[in-house]
Amino acid sequence: MNHLPLSVEERQPANKVLPPPRVQFQDAKGTKQMRILVVIGIALLVQFFWWFADSDHVGYAPLYWLLTFSLCYKMLRMLHEWYHYVHVKEPIAPAVAPGAPLRQVDMLTTACPGEPHDMIIRSLEALVAVRYPHTTYLCDEGNDPVLRAVCDRLGVVHVTRTEKKNAKAGNINNALRQATGEFCVVLDPDHEVTPDFLDQVMAYFEDPTVGYVQVVQAYGNQKDSLVARGAAEQTYHFYGPLMMGMNSYNTVQAIGANCTFRRLALDGIGGHAPGLTEDMHTAMRLHAAGWKSIYAPVVVSRGLVPSSLGAFYMQQLKWARGTFDLLAHVYPKLFKNFSWRQRVHYFTLPLYFFSGVVALIDIAVPVASLLLLEFPWHLSLPEFALHMLPVTLVGLLIRYNAQQWLREPHEPGLHLAGGFLRIATWWVYSLGLVYTFLNVKVPYIPTPKEGKLKNEWLLCLPNLLLAFLSIGAAAYSMQVQGIRGPYTKLMATLALINAFILLVSVLMAQHALLRGLRSLLWSARPLHALKQWVESLLAAGGGIITRRLRTGSVAFATGLAILHTLTSAGVVLVQWHEQVSISDDYIWAHTGFGPMRIGQPAAGAVAPLPVQASPVSTNWPGITWDSSPGATSQLISLELPASASPQVPVAAIEEINQRGDIPVLTWTVPEAATENRAFQEQVLRLVGHENQLLLRPIFPPSPPAAHRTAWRKLVKSYRDTGDTTVVWVWTPPRPDSISAYFPGSANVTWVASDCRTASAQTLTAACYAPFRQQVAAQIEMQSKPILLLVPQPYTPNSYQWVKQLVGRYPEVKAVLFSPASRPPSTAQTVRLPGRPGS
C-alpha cells in the first residue's frame, strides 16, 4: 500500500492555517552579464544572416541548400543554448515545518544478468549508508543468488519478477507495487550515492506541486579512456547551465538515475513510462499532468560513463531511437497538455540527435563539391570571415562564460574529446532516425560496464571510409584536376579538417594502442618532465586567464561588436564608392549601358606572348582613335590562331586598355580540353588588374545539350576561382536554333550575331532580322546587349550607317567591322563623343 503525503494543514497548529510552501528560484550569479553577452550575440547573428541571405551568394543549388541547412541547424542549436543560459536559476527549498515527521522514502536500484557483482554491491552499500531514513530495494532481473545473499546481509529488500516486459520501467514498477514509501528514488546500479543524498532533495517536496527532483549526474571514470572522457564532456553543459535553465520553465528532465519521485505523481500516470528512453517519457507524462520538476545542482552521486566505443554507440543508438520515437508518437498525444515553453522544449530536445544527419552533410558536401567541381557558395571569403568571425568569437565567449555554472572544478575546458566523439557518432544518430522511420525495434540493453579495453577498429570503419574519401577528394581536385581557385582550396581545406577529426575519433577508440603509445612516450624522462611542466604551467595560469577573460567578457564582446560594425560600414562605403566611381567602360562591358562602341579587328593574326606594341596606324589600319577628352572608347577584336594551347596576348591587351579601348578576345576552345589553366590564369590576371576585356570563345560543332554543358563548364571554371567580373560574349553555333543552344542567362553577358558571311547589301534584312526575332522570343535573352559582327570594313561613311542601324535596332550596343582588304593611304581620325543616333 502506498503512503500519501500529509497535507500542509495537518502539519500546522489548528489555530493557524498557512498557505502551502512553494519552491522559489533565484538568478544564478553571472546571469545578468550573460544576458548582455547574448544580446550582443543575437545582434551579430541577425546581421550575419542579413548579409548571408543574398541571392548573389547562391552557388550550386543542391549543395548550397544543404550547407545552408547545416548552418541554420547549428545557429538554432546555439540560440537554444543561449535561451537556457539567460534563464539559469537556482532553486531555494522551502523551510521544513518544525516538528514535521520525516517522509517515508524507498531507494531502488536495478541489476541485470551480466553486470559486475562488485559494482552492484558497492552501489547497495552506498544506498544503505544514506543517513535519511529509507528502505533500499534491489530490482534483480536475474534473481541472482549471490545478490540475494548480499541483500540479506545488508538489509536490502530483494525483488525479482518472472514476467519480464517493458525492460527497466517494468522492473521498477514491479518493485513499486511492493514498496510503501511516500517517495521513491531510482538509481542505476553503477551509481554510488553520498550519505547526504536525501538531505539535499527532500526539502523541495514541502511544495506539494513538486512531482520529482533531479540532481546532477556526475561520473568518476572519465580517465579510463578518451572515449570515457569524451562521453563525460558531452554531459557537462547539460547537467550545468542547461538543466539549471530548465528550472525557469518547468521542463527539468528526469534522468534514469538520481531522480526522486513523489509516489502520488508517479502513480497518477501509471508508474514509470516504458520505452528506450523511459526517463524522458516519464518526465513528459508528469509535466503533461501538471506536476512541477526541480533540478538541484548538487553532486551527491557518481556513476560510470561508457569507456569503450561499442558501449557508447549502444547507449547513443538507444537514446536516439527512443527520443525520435517519443517525438513521433508520444509528443503529439501530450501536446495539448503542455505549456507553450514545454511544447518547444520537447520538440527541440530530441533534435540533438539530428546532429548525426547534419554532421554527414558537413562531411559529404566538401567531398561532393570537389568531385563534381560544383561549389555551394559564391561569396567573398574575406567578407565571409568578416561577418562569421565575430559571431563565432562571441559564441565561444558565451559558452565559455556558461562554464561558471559547471558543477565540478575539472569540468571547464575546450571539451575537444566530446566534440570529436559527437561527430564520430554521426552514423549511429542517423541510424536511430532511420530506425524510427522504418519502425525497427532496438532492444533495451543496459549500457555495458567494461573491463579491460581493447582496440575497436571494426566500429570505426564508417569514419575511416569517410576520412579516406575526404582526403581522396581533396587530392583529386588539387592534383588530378589541377584546380587552384580559392573555392577549391576552401572545400579541400574543409575536407581535410573533416578527415582529421574523423581520424582522431578513430584513434580515440584504439585503447590498447593508446596505452602502448602513452607508456612509450612517458617512459622517456625528458618528455615526462615536459608534461609535468606544461600541466603545472596551465594550472598556475589557467585561473588568472579564466578570471580575466570572464570579468572582461562584456567589454570584449562590446568592443568586438563595435569594431565589426565599423569595419562592415567601412566595407559598405568602399563598395559604394567603387560602384559610384566605377568607370563607364566597366558599366558598358557588363550591361551594354552607355554610348555605342564600334571597332574592327587587329591587322593580321595575333602572335603568342610576348607581343610587341606596334604603331596604331599599322595594327589598326583605316582608323586613328581620338584620345581627346570626351571621346568614346572603341573595340578592338583579337582573334587567336587555332592551337591546342592558345596563349593570351597580354601585352597587346594591356596596350589597348591603356589607350582607353576595349579588346574582344576570340578563340576556338579545343574539343578535348575545355579548361586551359595557363590561358585562364592569364585572363584572370588581366581582369584582376582592372583591364576591360570581352571573351568570345567559339566551340566546335556539337549537339545543343553538349554545347550548353561545355559553355557552362567553361564559365564555371572561371567563376570558381572567385572572380565574377569576366564578360562573356556568346555566339550561337547555329543562328537558326538560338534557343536550343542558349546556355542560360546567368552564363552569358552579351549575345553576338555573326553576319560576316552575308553581303553588305543584305546584312540587316537577311541576317540580323531573323536573328533578332529569335532573341526577342526568349525572355532570358531580351535583356542581353547585342554585339553585331558585320562584313563591311570601316570607312568614313560607316558612321552614318551605324546611326541608322542603331535607330532601327536599339539593342545593338556594339558593331565590329571586318578588316579592310588593303590599308588606306592615309589614316582617318574618327571621334565618337556620344552614342550614334543620339
Side-chain angles (χ1 to χ4, degrees), residues 58-64 368-376 378 476-477 480-485 487-488 491 590 606 637-648 664-684 686-687 693-754 756-757 771 774-775 778 780-781 784-787 789:
V58 180
Y60 183 59
L63 298 183
Y64 170 83
S369 177
L370 293 169
L371 296 180
L372 298 174
L373 295 180
E374 299 281 0
F375 298 94
H378 286 159
Y476 173 79
S477 64
V480 178
Q481 295 286 355
I483 301 172
R484 297 291 189 273
Y487 294 141
T488 306
M491 289 294 125
H590 287 80
V606 178
S637 177
L638 303 174
E639 297 198 18
L640 302 185
S643 170
S645 56
Q647 297 188 42
V648 179
V664 180
L665 186 61
T666 301
W667 79 102
T668 299
V669 180
E671 186 173 359
T674 58
E675 298 180 15
N676 187 319
R677 298 300 171 194
F679 185 92
Q680 181 186 79
E681 289 175 2
Q682 292 173 338
V683 170
L684 292 174
L686 284 166
V687 175
L693 176 65
L694 275 63
L695 298 185
R696 182 173 168 262
I698 304 297
F699 285 82
S702 63
H707 174 83
R708 294 194 304 268
T709 300
W711 180 276
R712 290 168 183 166
K713 184 177 181 181
L714 178 65
V715 173
K716 181 179 176 298
S717 68
Y718 281 74
R719 290 179 177 171
D720 286 345
T721 65
D723 186 278
T724 58
T725 61
V726 174
V727 178
W728 296 97
V729 181
W730 176 67
T731 306
R734 292 186 54 179
D736 59 342
S737 304
I738 296 177
S739 60
Y741 285 87
F742 187 59
S745 178
N747 302 302
V748 172
T749 315
W750 288 70
V751 175
S753 176
D754 192 350
R756 289 175 298 181
T757 58
F771 184 97
Q774 293 187 66
V775 170
Q778 300 294 320
E780 281 191 303
M781 285 187 278
K784 301 298 178 184
I786 301 297
L787 169 65
L789 291 86

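Keep in mind that this is a model prediction, so the values were computed, not measured.
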Can you list the residues that meet the side-chain contact (heavy atoms from CB on, under 4.5 Å) rule with [X], with sequence neighbours excluded?
X	value
P703	A706
S745	E780, K784
P743	W711, R712, W730, V748
S739	Q778

What heavy-atom pair brings [X] and [Y] nearest, and what distance separates the two atoms?
X	Y	result
P376	S369	CD-OG, 3.9 Å
P697	V729	CD-O, 4.0 Å
I738	Q774	N-OE1, 3.2 Å
F699	H707	CB-ND1, 4.0 Å
H590	T725	NE2-O, 2.8 Å
P732	F771	CG-CE1, 3.7 Å

Find the distance between [atom1] ([X]) and [atom2] ([Y]) and round it off to the nearest 0.5 Å.
X	Y	atom1	atom2	value
L695	L714	CG	CG	8.5 Å
L371	Y476	CG	OH	7.0 Å
F679	L665	CZ	CG	5.0 Å
I698	T666	CD1	OG1	6.0 Å
L789	S753	CG	OG	8.0 Å
R708	Y741	CZ	OH	9.5 Å

Legend entry - W728 side chain reached by N747 side chain, heavy atoms, under 4.5 Å: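 The answer is no; the side chains never approach within 4.5 Å.
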Open item on the list: Run the ring-ring contact (aromatic ring centres under 6.0 Å, His included) test against Y60 and tell me which residues pass, sequence neighbours left out.
Closed with: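 With neighbours one apart ignored, the set is empty.
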Quickly, which of T749, V664, L638, V726 forms a side-chain contact (heavy atoms from CB on, under 4.5 Å) with L694? Name it, please.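 Among T749, V664, L638, V726, the one that satisfies the side-chain contact (heavy atoms from CB on, under 4.5 Å) with L694 is V664.
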*Could you tell me which residues satisfy salt bridge (Lys or Arg N to Asp or Glu O under 4.0 Å) with R719, sequence neighbours excluded, listed by chain and number?*
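Salt bridge (Lys or Arg N to Asp or Glu O under 4.0 Å) list for R719, sorted by chain: empty.
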Across all chains, not counting sequence neighbours, the side-chain hydrogen bond (donor to acceptor under 3.5 Å, both in side chains) partners of T731 are R696
